[in-house]
Structures are given as structure tokens and as C-alpha cells.
Amino acid sequence: MRIDPDTQRKLIDLAAVDTSLNQLRHQRARVPALAIIATAKDALHASASKLIQSQTAQKDLGREMSRLESDIEAVRNRQQRNSDRMSSGAIGAKD
């Protein structure tokens with residue numbers, strides 16, 4: 001099978017373009033700035049993840065603190081109520 005010389009030239013040109021593209025891809029992969037950018041992106045993602053974890057922990061602790069403060073307030077109110085009852089003599093001997 002014979003291929004038309006014009007088609008052969010086009011195939012050779014296409015092969016040259018393909019080779020050039022592969023060389024450029026290889027060169028781009030070796031650019032030091034891209035490695036630095038990739039490292040910085042990884043560090044940014046890690047920092048963002050740590051920030052989210054810290055914010056979540058802070059919110060959890062805030063809710064726990066509110067709950068404990070509410071419990072403490074209830075105990076203080078009960079203590080004050082019992083103290084008032086004792087002072088007024090409203091508590092019997094059994095209480």
C-alpha cells in the first residue's frame with residue numbers, strides 16, 4: 001500500500017508536533033516553581049483542615065461549657081433555696 005506523499009508529509013508534521021508537545025509536558029513537569037506551588041497548596045489544605053478541626057472543637061467545648069454552667073446555676077439556685085428555707089425555719093427536723 002502506497003501513501004500519498006502529501007499525506008506522508010502531514011503525518012511527519014503531526015509526529016513532530018506530537019514530539020514537541022511531549023517535550024513541553026516533560027519540561028513543564030520539571031519546573032521548580034510548580035513543585036513549590038504544589039507544596040504550598042498541600043500546606044494550605046492541611047492548615048484549612050486543622051482550622052476546621054479547631055473550630056469544631058471550640059464549638060463543642062462552648063456547648064459543653066454552657067451545659068456545665070447551666071448545671072452549676074441549678075445547683076446554686078437549689079442551695080440558695082435550701083438556705084432560705086433553713087433560715088426561715090420552714091424546714092422540719094426530718095429535712
Q: May I ask you to test the V17-D13 pair for a side-chain heavy-atom distance under 4.5 Å?
A: no

(Q) When you compare the side chain of V31 with that of Q27, does any pair of heavy atoms fall below 4.5 Å? (A) no

Q: Find the distance between CG (D71) and OG (S66) and round it off to the nearest 0.5 Å.
A: 11.0 Å

Q. Within a reach of under 6.0 Å around CZ of R67, are more than 12 heavy atoms found that belong to other residues, nucleotides or ligands?
A. yes

Q | Side chains of H26 and N22 in contact at under 4.5 Å (non-hydrogen atoms) | A | no

Q. Out of curiosity, I37 CD1 to D42 CG, how far, rounded to the nearest 0.5 Å?
A. 12.0 Å

Q.
Measuring only between side-chain heavy atoms, which start at C-beta, is R25 closer than 4.5 Å to L21?
A. yes

Q. In Å and rounded to the nearest 0.5 Å, what is the CZ to OG distance from R85 to S87?
A. 11.5 Å

Q: Nearest 0.5 Å please: distance from the CZ atom of R81 over to the CZ atom of R76.
A: 15.0 Å

(Q) Assess, by modelled atom type and distance only, whether the side chains of D84 and Q80 contain a donor and an acceptor separated by less than 3.5 Å. (A) yes

(Q) Check whether S54 reaches the backbone of K50 with its side chain - one donor and one acceptor, N or O, closer than 3.5 Å. (A) yes

Q. To the nearest 0.5 Å, how far apart are CG in L14 and OG1 in T7?
A. 12.0 Å

(Q) If you count every heavy atom of other residues, nucleotides or ligands that lies below 6.0 Å from Q79 atom CD, does the total exceed 12? (A) no

(Q) What I'd like to find out is whether the side chain of D60 reaches to under 4.5 Å of the side chain of R63, using heavy atoms alone. (A) yes

**Q.** Check: Q8 and L11 side chains under 4.5 Å, non-hydrogen atoms
**A.** no

(Q) Nearest 0.5 angstrom please: Q58 CD to Q53 CD, how far? (A) 14.0 Å

